[in-house]
Amino acid sequence: MPKNNLPKKPIIIIQIIFVLLYCTKVWAQVDEIRLIRQRIVSQLKSNPIKAEEVSRLMNNIQSDGSFKYINYEDLSRTASFPQRKHTAGLVTLAQAHETEGNPYYLNKVLLNKIILATNFWVENDFVGDNWHNNQITTPGNLVNLMLLIGEKLPAELVNRAQPIISRANMNASGARPSGDRIVIAGILAKNLLFIEDKATFEEIIKIIANEIKFSTGERGMQHDYSFHHRIDRVNNTTSYGYGKYANAFGEWCDYVAGTKYAFDKDKINQLVDYYLDGVYKQLVFGVYEDISVKKRSIANRSTFQAKGTLEIERLLRSTSYRSKELKEIIKLRKGEVTPTLSFAKYFWHSEHFVLQRPNYYTTVRMFSSRNKNMEKPYNGPGITTHHRADGTNYLMLKGDEYHNIWPIYDWQKISGTTILQKPELHDGESIQKAGIMDFVGAVENGQNGAVGFDFTSPHDGTKAKKAWFFFDQTYVCLGTGIKGDKGLPVATTVDQVLIRSPISTLETGKKAVLLPDGNHKFRQLKWLYHGNIGYLFPVESSVHVTNKVETGRWSDITDQKNISNKIVSREVLKIWFDHGVNPQNGSYIYMVFLGISESELKSLYVSGTPYSILSKTKELQAVKNKEEQEVQAVFYQSGNLLLENKLNLKMDSAGIILLQLNHGKVHSISISDPTRKLKEITFTLDGLYKVLNRNISAIKNKQSNTTFFTLKMPEKEYAGKSITFQLK
């Protein structure tokens with residue numbers, strides 16, 4: 001047979017195989033796209049349908065498609081965009097129409113109402129003064145509407161909605177690196193699924209996948225696992241960094257799992273680290289909102305409830321990394337177990353210290369020359385928050401101790417702070433200020449820690465050297481060098497908290513009594529007991545206490561519109577030191593005992609505490625726990641500290657240090673540089689020691705029986721972090 005007449009079947013078969021392989025690949029991609037979309041729709045339909053809410057929404061849709069209870073006229077920033085209720089209502093109605101098992105499933109009347117109300121929005125295209133409404137809120141609701149029911153809406157209406165949804169794009173002003181960028185990318189990705197633009201969808205998924213990264217010094221996740229939403233370096237970990245940044249990444253991680261678009265395991269595991277070492281350590285027991293890290297949203301009424309478990313369940317479907325810890329948080333949030341975790345952590349990029357024990361959670365919030373104190377009162381809320389980073393020390397046993405106290409709160413007596421007592425606060429526009437002092441920081445060894453704050457108020461010029469020394473079930477608070485020159489008194493507040501039980505006090509020369517409601521001034525208060533917390537005052541000093549009903553309005557603490565002006569009344573306990581007018585060298589000392597009964601507090605007062613104040617000067621503040629053999633010290637400059645008999649520490653520079661002692665010798669040290677300027681810290685310690693750490697030099701002098709230490713301190717993104725080492 002001639003060569004040219006050979007059968008062509010093998011070639012045809014090969015071509016068919018290639019075509020089949022290509023088609024299989026294409027169909028596999030199509031199936032993955034459909035799978036991702038189905039997952040999103042399933043999530044949208046997962047919320048329970050409340051028939052009464054659906055009925056209310058339907059009955060409120062007027063003949064032109066508007067909801068009669070919404071004010072569509074006011075688009076100003078302080079109006080909070082009430083128009084958002086329209087698009088949110090559309091999503092609720094679409095969920096009901098598309099979810100089986102409820103009375104409105106595939107209801108034709110409901111579908112017509114949805115079409116009417118969608119048409120009203122598209123025709124009017126409400127654009128608010130706040131970019132967030134136009135680039136996130138409205139596009140987010142409308143794209144969810146399209147994914148749920150878009151294929152049943154008139155094509156012309158769907159097409160007219162596209163330009164509005166497309167305001168969520170990567171060139172939008174809000175798509176800057178921060179919590180909002182990943183949210184906008186997510187809205188865009190959903191819309192690309194809806195319009196079936198697979199190529200662009202793949203590009204946007206890559207953007208989302210690369211958002212989990214350290215961005216220290218910029219917007220985003222910092223190397224200490226706190227989060228900065230803006231360039232002001234204000235802590236936004238549990239707001240933008242949680243509800244937006246982390247949860248949006250976790251959401252898409254779950255949507256694309258098991259497909260060609262699946263995120264890299266290293267990125268997912270880094271998200272786990274961020275949740276466990278950042279977010280959850282700034283929530284009370286990892287469960288409840290920590291009000292110390294709230295910003296302007298503190299002016300909004302909230303509901304006290306455990307955080308949800310969805311974001312953790314998503315993570316567990318994507319990785320087994322640190323799964324035991326994640327599962328523990330789920331159990332805590334469901335109320336199946338009680339807290340067991342104890343830790344101390346300092347977020348050095350956000351000047352925020354946290355300490356937790358199974359029975360309490362406490363924080364210190366500060367600011368320095370490296371960051372600003374508080375976010376601006378954007379859009380109206382938060383006009384009273386001037387001093388909330390001035391050494392704020394909130395203490396929570398459950399998490400609801402300050403819940404919704406804010407309308408009746410005295411914003412110049414914030415727990416832990418030292419504040420000039422002005423006739424009224426400065427205006428809301430002057431809230432955000434840059435810090436003045438460099439010496440702001442903490443040392444911690446993972447369990448205990450000391451905090452030092454060389455405070456100068458950028459608002460009023462008030463000065464104070466403030467320190468907190470955290471041990472296991474007690475912390476000691478020292479203030480020295482308190483100075484003011486504005487012709488007004490200065491006060492340091494021990495606590496301002498909702499009253500939850502009777503209050504007992506003991507004054508020198510008197511018997512312990514239950515404190516009647518009212519205003520009280522104690523010239524020699526020894527202790528005060530309230531709700532399993534004992535406040536002990538070891539130095540005779542004048543202490544003011546009020547325990548009475550306070551009143552206020554939510555509308556008093558915000559410039560937002562449509563806020564309730566109804567009188568709110570709650571019983572509040574306030575404890576503070578009055579340092580007088582123009583103090584020049586004021587001071588305070590108090591100790592806080594946790595999980596203690598009143599009888600135990602009485603016995604402790606009689607027998608004496610194990611805590612001794614080793615120094616309380618402007619140059620050095622130090623406390624020793626004799627039972628735990630631990631010394632914590634804040635050196636504002638070089639100096640000497642006698643730890644105990646024949647055991648002296650000589651610091652050659654400023655620093656904060658924690659030393660564990662054992663039989664007259666030091667066996668471990670934790671140290672930090674709160675100024676962030678030192679490449680090395682040197683100090684001399686009585687005794688002969690060696691250290692097995694190449695970053696630490698220990699030179700022994702047998703003649704003087706001392707050891708000279710030189711420590712290389714963390715630099716760049718780790719400057720301010722504690723280092724811990726053992727001695728032999």
Side-chain angles (χ1 to χ4, degrees), residues 179 221-222 224-229 234-251 271-298 300 302-316 322-347 349-365 375 388-389 392-406 415 444 446-447 449 470 497 594:
M221 180 168 59
Q222 310 298 298
D224 61 359
Y225 291 110
S226 63
F227 186 88
H228 294 165
H229 180 61
V234 171
N235 187 1
N236 293 109
T237 309
T238 60
S239 52
Y240 292 98
Y242 181 26
K244 289 191 171 184
Y245 176 75
N247 285 356
F249 183 93
E251 177 184 19
L271 177 65
V272 173
D273 287 335
Y274 173 64
Y275 271 121
L276 289 170
D277 298 328
V279 175
Y280 297 160
K281 286 191 174 178
Q282 294 184 70
L283 295 173
V284 183
F285 308 125
V287 176
Y288 300 107
E289 180 179 66
D290 172 10
I291 50 90
S292 69
V293 291
K294 291 193 75 170
K295 264 66 61 183
R296 67 189 190 278
S297 64
I298 202 165
N300 301 327
S302 63
T303 301
F304 181 71
Q305 59 185 9
K307 296 291 184 180
T309 60
L310 179 59
E311 84 257 9
I312 309 174
E313 292 159 0
R314 285 171 170 160
L315 286 174
L316 291 171
R322 301 181 71 176
S323 61
K324 182 178 179 181
E325 295 167 83
L326 292 171
K327 290 175 181 177
E328 179 77 4
I329 299 292
I330 289 179
K331 291 178 181 178
L332 284 166
R333 292 184 173 187
K334 288 184 175 180
E336 297 173 353
V337 296
T338 56
T340 59
L341 190 62
S342 294
F343 66 84
K345 177 159 184 178
Y346 181 56
F347 295 90
H349 281 290
S350 297
E351 317 286 15
H352 186 61
F353 178 87
V354 178
L355 183 131
Q356 179 179 297
R357 295 294 185 263
N359 61 326
Y360 75 93
Y361 174 99
T362 186
T363 65
V364 178
R365 180 172 182 168
E375 72 176 0
R388 285 198 65 240
T392 304
N393 173 215
Y394 291 121
L395 171 60
M396 288 151 277
L397 305 186
K398 181 180 178 183
D400 62 350
E401 285 77 5
Y402 307 89
H403 181 61
N404 286 338
I405 192 177
W406 317 116
S415 304
E444 45 94 350
Q447 286 297 309
F470 293 91
V497 65
L594 290 309

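This is a predicted model, so every value here is computed, not measured.
- Of all the heavy atoms in Ser342 and Pro358, the pair that sits closest is OG-CD, 3.1 Å.
- In terms of heavy-atom proximity, Phe470 sits nearest to Thr362 at CE2-CG2, 3.6 Å.
- Tyr346 has its side chain within reach of Glu351: a pair of non-hydrogen atoms, C-beta onward, lies under 4.5 Å apart.
- Using a distance-only test at 3.5 Å, with no hydrogens or angles considered, a donor-acceptor pair links the side chain of Tyr274 to the main chain of Gly241.
- From His229, atom NE2 reaches atom CD of Glu375 across 8.5 Å, with rounding to the nearest 0.5 Å.
- Within the model, atoms CG of Leu271 and OH of Tyr245 stand 8.0 Å from one another, a figure rounded to the nearest 0.5 Å.
- Remark: Thr238 engages Gln282, Leu283, Val293 in a side chain to side chain contact (heavy atoms under 4.5 Å, CB included) (not counting sequence neighbours).
- Contact check for Glu311 versus Tyr242: side-chain heavy atoms found under the 4.5 Å cut-off.
- Residue Val287 comes nearest to Ala306 through the heavy atom pair CG1-CB, 3.5 Å, listed as atom of the first residue, atom of the second, then distance.
- Side-chain atoms of Thr309 and Glu313 form a donor-acceptor pair, as typed in the model, at a separation below 3.5 Å.
- Taken to the nearest 0.5 Å, the OG atom of Ser302 stands 10.0 Å off from the CD1 atom of Ile291.
- Side-chain polar atoms of Tyr288 and Gln305 form no donor-acceptor pair below 3.5 angstrom.
- At least one donor-acceptor pair under 3.5 Å links the side chain of Thr392 to the backbone N or O of Arg388.
- In terms of heavy atoms, Arg333 sits closest to Gly308 at NH1-O, 2.6 Å.
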**Asked** When you look at Glu328 and Glu336, which way does the side-chain contact (heavy atoms from CB on, under 4.5 Å) test go after all the steps?
**Response** CA-CA 9 Å; Glu328 179 77 4; Glu336 297 173 353; over 6 Å; no
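- Atoms OH and CG, from Tyr280 and Leu332 in turn, are 11.0 Å apart once rounded to the nearest 0.5 Å.
- The minimum heavy-atom distance linking Asp290 with Thr363 is given by the pair OD2-CG2, 3.5 Å.
- Legend: residues meeting ring pair (Phe, Tyr, Trp, His ring centres under 6.0 Å) with Tyr360, ordered by chain and number and at least two apart, are absent.
- Side-chain contact between Leu395 and Leu594: present, with at least one pair of heavy atoms (C-beta onward) separated by less than 4.5 Å.
- Side-chain atoms of Asn247 and Glu251, non-hydrogen and from C-beta on, never get closer than 4.5 Å to each other.
- Using a 4.5 Å heavy-atom threshold, the side chains of Ile329 and Tyr275 count as separate.
- Inspection of the Tyr394 and Glu401 side chains reveals no N or O donor paired with an N or O acceptor under 3.5 Å.
- The side chain to side chain contact (heavy atoms under 4.5 Å, CB included) check on Asp277 picks up Tyr225, Asp273, Lys281, Arg322, Lys345, with sequence neighbours excluded.
- In terms of the side-chain hydrogen bond (donor to acceptor under 3.5 Å, both in side chains) criterion, Asn300 has no residue partners (sequence neighbours excluded).
- The side chain to side chain contact (heavy atoms under 4.5 Å, CB included) test applied to Asp400 returns Phe304, Lys398, His403, not counting sequence neighbours.
- Between atom NZ of residue Lys294 and atom CH2 of residue Trp406 there is a gap of 8.5 Å, rounded to the nearest 0.5 Å.
- Thr237 is not listed as a side-chain neighbour of His352, based on a closest heavy-atom distance of 4.5 Å or more.
- Listed by chain and number, the residues in a side chain to side chain contact (heavy atoms under 4.5 Å, CB included) with Gln356 are Phe285, Leu341, Phe343, Tyr361 (sequence neighbours excluded).
- Taking the side chain as every heavy atom from C-beta outward, Ile330 and Leu316 approach each other to under 4.5 Å.
- The closest side-chain donor-acceptor pair between His228 and Ser350 falls under 3.5 angstrom.
- Heavy-atom minimum distance, Ala344 versus Leu355: CB-CD1, 3.9 Å.
- Distance CE/Met396 to CD/Glu289: 10.0 Å, rounded to 0.5 Å.
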